[in-house]
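Numbered from 1 within each chain, the chains take letters A, B, ... in sequence-line order.
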Amino acid sequence: MLAETARKLVEGKAKVARIRELRRPDHPTGFSRELFAEMAELGFTALSIPEDFGGMGLGLFDLAQILESLGRELAPEPVLTTAVLGAVPLLRGGSDDQKQWFLPSLAAGETVVTLALDEAGMRDRWFSPKTRLERSAEGFALSGEKIQVADALVADAFIVTCESPSGLALALVDAKAPGVSIERQFRVDSRAVGIVRFDGVAVRESDLLQGDARAILQETLDRAAVALSAEMLGAAEKAFADTVGYLKERVQFGVPIGSFQALQHRAATLYCELQLLRSAVMAAARAADEAPEAFPRLAALAKATANETFLHVAKEAIQMHGGVGMTDEFDIGFYLKRAQAAAVTFGDTSHHRRRWAELNGY
Amino acid sequence: MLAETARKLVEGKAKVARIRELRRPDHPTGFSRELFAEMAELGFTALSIPEDFGGMGLGLFDLAQILESLGRELAPEPVLTTAVLGAVPLLRGGSDDQKQWFLPSLAAGETVVTLALDEAGMRDRWFSPKTRLERSAEGFALSGEKIQVADALVADAFIVTCESPSGLALALVDAKAPGVSIERQFRVDSRAVGIVRFDGVAVRESDLLQGDARAILQETLDRAAVALSAEMLGAAEKAFADTVGYLKERVQFGVPIGSFQALQHRAATLYCELQLLRSAVMAAARAADEAPEAFPRLAALAKATANETFLHVAKEAIQMHGGVGMTDEFDIGFYLKRAQAAAVTFGDTSHHRRRWAELNGY
Amino acid sequence: MSDLEAFREEVRAFLEEHAPKSLRGTSPCGPFDGYWGGKKHPPVDPDVLRWRDVCYERGFTAPTWPREYGGAGLSRKHAAILWEEMRAMGLPRPVVGFGFAMIGPTLLEYGSEELKREHLPKIARGEIRWCQGYSEPGAGSDLANVQMRAERDGDHFILNGQKIWTSHADKSDWIFCLVRTNSSAKKQQGITFILVDMETPGVTPRKIDLISGSSPFCETFFENVRVPVRNVVGEIDKGWTVGKALLAHERANIGSSIGRMPGSGQRELVDRARRHLAWSEGKIEDAVLREQIAELGMIEEAFQLTLDRVAQKAQSGNPGSESSILKVVATELKQRRYELGQAIGGLQSLGWEGPGFDADDLAFTREWLRSRANTIEGGSSEIQRNIIAKQVLGLPEVK
Amino acid sequence: MSDLEAFREEVRAFLEEHAPKSLRGTSPCGPFDGYWGGKKHPPVDPDVLRWRDVCYERGFTAPTWPREYGGAGLSRKHAAILWEEMRAMGLPRPVVGFGFAMIGPTLLEYGSEELKREHLPKIARGEIRWCQGYSEPGAGSDLANVQMRAERDGDHFILNGQKIWTSHADKSDWIFCLVRTNSSAKKQQGITFILVDMETPGVTPRKIDLISGSSPFCETFFENVRVPVRNVVGEIDKGWTVGKALLAHERANIGSSIGRMPGSGQRELVDRARRHLAWSEGKIEDAVLREQIAELGMIEEAFQLTLDRVAQKAQSGNPGSESSILKVVATELKQRRYELGQAIGGLQSLGWEGPGFDADDLAFTREWLRSRANTIEGGSSEIQRNIIAKQVLGLPEVK
């Protein structure tokens, strides 16, 4: 139901073509505030937050379907950011105060909390950040630089992975705190990510998430990987559908190019890959809610499959569109750009294969 | 010239179909003694042995062309064995006596000397054999077990890689020496390889090859890899040519199946790969004679390319032949079997890629 | 308690009481693992026959078939529970074979009442073993290019020609064939689907050796074979419709038979890696091979999840074009798995027989070779991709 | 001393004396790296013009062309020595561009004496820059589907229509076009190859942005453009023959321009690995990426060896169907190389502009995207595979 609503919403108001507007360097957010408000009103941000905190108490399976719909048109509104990168660590490690403060307003789409995760040269060594949390007179001081932080420009607070005297820690830092500076980055997929610098930012003990930071981070990453995979599934399916449509309509040598067997076989191969991807994403999302012991393995499966399939589809989509597919006037190129960006976010294929091997005991 | 002669010889007397005869468990040698004698008479075994020792003094480039011709019909006669596995270590490390004794008769095709190289579980760690050469009253005693030794059944002597008190050594051992036992193995490609066991075989100091054993072994392996690549090139080209012929002649749905674009494109891809393989093999063989500094790198290139291309061609050849390609009555299956065997002999693809990376400084 | 839960209880009680102890834990309960039946079957363990009999009694050898034909009249969901419970106890299906997977469902859909009554109970009891007479030497993927002639002679047809890839023809009692009854009609027309008793004079099967060695395949020759007209399934000259429906059953079986053992392909590769590769700290040292195993392991899992998804979607009805997707993915995955297994095995992957190779390696070599046929038989990958392109994606006919 | 050796000495002496010091060591001497000439060229370093002049004097800007058209009348072997020696000194070719690579050779083969005398010397001196008017929006790979009309009006044609992918049209002085002079004839007939001065009223180029950003490509619109009939190359209505010959020159250039710098692709990947990956003991730690670099490095080397082999085989004559092989391999290799480079770059591979990305990464992103066009432009990989299948392998026409 909600997924259908989401699909209608993006098809009505958020076709991929709007990226040409959103990507302009002077665009303040890189997404549409109005549309995000509408999404929040429809419940997209509240969906997976417990009812106690003003949410709808549904699981990742339902969220994944929303994200899949948004992914079809590459909608950059920060639904994944708030519902996963912000909400999951808070739900798992937030104090009662933090939960009460943040979760209802995340659910309402009024606040954006994001994860300040990646660092230059870090690759997938997320559990060994260079960002340091050191003892200071008032508690702690946080110093370091995070890159490509999702929705950094609009974030109200960051959950920052850092190395504390007692190991990995997750610090919740207000975006306006003294010592925090944010710089917009321009990425190939036009998502408005940013560099976030922490220069001796004061952090209190109570700002740190509680519990096993490694476990919280791992679960956040797994859920983020599956959520992103769902977005990628939608995007890959849409790029494929557009390409099949083009194959039927584009005439060369007097026939639709879709009548060429070499292209037919390649399209059939992509279709098979998309079926496997859909199965993997749905199973992983469902496992998050119902089969926690299988979830990490299935998360690796979903993301690795999404990486490979979306990139393959996007490359073939351009090739099958021919010259026009290469022009900025056509939309299909946006899918290739997004495929690459998504493929290296929350773990590339190699990362997830290694993790899969480890979880399967070899 | 000689290559042309070799091609005519195999096409006239040694079509691949004879493997059904040679593979019988009671066949004494696994190849044709008569044909090998004829090959020797034509100079195939003498070709790359220096004139001082009764050879023709030509290089690997010329030998490669002979082997390519033999490869087209998967001829198993021990030309590569004598001209490379036997002759190269003797030329590089043999004493004057050993050279005088063996090389002229290798050139004449009267003697077979082979390399006892591989051991169970060794994979490509050829420089760390488990076969041991230990001091004894009379000199040394050799103990160990070698597997899949090429032409073990007909060998007059073995060059055995072994670990001596002073490191890697190459021992020349008479096949009839007490303590040597040979057992035939039955391999998928019907080549008559064997297990050779050394049970405290007496070895004199003068039986050991002189000089840097590692360097001699490496050069032998590089040359063997290129020689085998040449054989694989011929085999792959023949399997491909047979397949293209079949595509033209086999009619389904009322048209030759070669008119289906999906098959055309795959055939075109194979053809491109074969062009690269030919270039790599020719360049490597030429470098052995003319550019020793480039040779190891090019040897890795030739073998890795041969492994990938021959297997790819052989698999597609079966697929394009359809059901009949799977029957033992058709010859095309022999190429797949040989492709797999050749691909894991003298270094698989991964081995040569790692070696290439190392030689290129990364 | 729902009806399904009640049925599960009932099945458990039945199995607990009747399943021979000696058969428990011996089998994955797949549609082709177990007792194939037929008159030429060599003597078997009496427990196998006892198991067959108790199941047949309850209609459990062919649970979805109507009771009057030897089945139990169960829904697909009920049948799934039955197989699940047998699998949980490691029991084989009581009888297996092409009778259940192919000709049975086809007879139910297209057969005359007479044919159903004659053949279905014998299949259900494993009395009669069936094989398939579709392919011909000149036809290959072009299955409709049927050349085997059937000429009318009163209430008989006289069959002349040759079928190929007739699996287990040498062990079968009956064969279902596509034959040409009208050669002036267009290709797909003029084909008739007919059942032939292999004891009829003039039917001669001959075994085919494959590149992987001996095989269940045969060529079957037909020389003036007299077959009653009443053995036709569906209408004369309209057999292609019947034949195609059966193909969809075949494809679905090929796809699902590969997916029956979750993770088993990956386990096999990891076992092989354990025997042939260096490990350290619980990991395969060779990072390249390790990631390649993971890559295929993931495809396998995604494929199995797809099987589940298709099964849920299609709880009723015939397998559709999904079967083409499953067939392509399953067979190409299997080939890649054997190729990787060969790479892991190194020189030990080359064994054909005799000394220096262990039994696992020898079997693996043969299976590697055999796997090359998977993308050819049962409709080649090329044919399946044509079907997907046209029937699923709606791409236009090749001009 | 052989004639060739003597020529090499002569070239060395010439270069030593005349090549401006400031240009030495600056360029790989490729057919598209250097001074493109033309009337719209922005002002350049006077040394570039001096270098052009001394070379033109000797016929060395277009060494294989006959002397009377501004060349030196050298054989291909002699010309190869000239380029080799320039490359050895890191000198750019004195003038580069489509005039040399495409229209020049085509005029030599098909042009009237008048056209040769008019155009070739200007190309050789870099006075006039050329662009290509082949593709049209509706045509794509079906190049012969030319819709742009040319109607006869006395001794002129009136051109109306649109060309696309006219690289550098905005910087060019002349354009060579395929136009339709007869629309009742079959597709490949009725096409005429004609030369158009871009200053003629009614010719309007417009730049095209690609997914990789701004590009040299343009659309070029023709509205009632009057072109003298004497500008036709070859015969009226027989331009497809001329056009195809030119395509073979284009393909050969695309293939060989990628192969000009042995090992450069691998070096670029290794450099990228040096900046983005962990190393230990002189090796890339990630064994998977390391083998992937080696895999592509090997294809690159084998491709370069193939280029050499083709060059040796075809010392004379036009590039044949080999060019299709080279084009497919070179462009697909290049795409894989950029894909691998992106995998090596990780998050740093996503830079478009601005902070957080260095110049190398930003350029790499654009080149990665740009590389997707390589298998489309200049005859797509699909078209090249059709050519290989039919012309090299002799497979039958698709029915």
Heavy-atom cut-off 4.5 Å, strictly under: side chain, backbone, both or neither for [X] against chain D?
X	answer
A/Ile195	side chain
A/Leu263	side chain
A/Arg250	side chain
A/Arg123	side chain
A/Gln340	both
A/Gln319	both
A/Arg191	neither
A/Ala341	both

Does the distance from a Lys or Arg side-chain N to an Asp or Glu carboxylate O, for [X] and [Y], drop under 4.0 Å?
X	Y	value
A/Asp222	A/Arg355	yes
D/Glu382	A/Arg266	yes
D/Asp361	D/Arg275	yes
A/Asp199	A/Arg197	no
A/Arg18	A/Glu77	yes
D/Asp209	A/Arg20	no

- Item | Atom pair NZ (D/Lys327) and CD (D/Glu377), whose distance is rounded to the nearest 0.5 Å | 6.5 Å
- Query: Roughly how far, to the nearest 0.5 Å, is CZ of D/Arg206 from OG1 of D/Thr220?
  - Reply: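 If we round to the nearest 0.5 Å, D/Thr220:OG1 and D/Arg206:CZ are 10.0 Å apart.
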Interchain contact, [X] with chain A, by part (heavy-atom threshold 4.5 Å):
X	result
D/Leu362	neither
D/Glu339	side chain
D/Asn386	neither
D/Thr375	both
D/Ile208	side chain

- Note on the structure: Counting heavy-atom pairs under 4.5 Å with chain D, the top scorer among A/Leu336, A/Val193, A/Asp118 is A/Leu336
- Message: Measuring only between side-chain heavy atoms, which start at C-beta, is A/Phe158 closer than 4.5 Å to A/Val180?
- Response: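 A side-chain contact under 4.5 Å exists here.
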- Task: Could you list the residues that satisfy salt bridge (charged side-chain N to carboxylate O under 4.0 Å, His left out) with D/Glu268, not counting sequence neighbours?
- Result: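 Expected list: none.
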- Query: Using a cut-off of under 4.5 Å for heavy-atom pairs, which of D/Pro355, D/Ala144, D/Gly354 has the most such pairs with chain A?
  - Reply: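 Max contact count across the listed options: D/Pro355.
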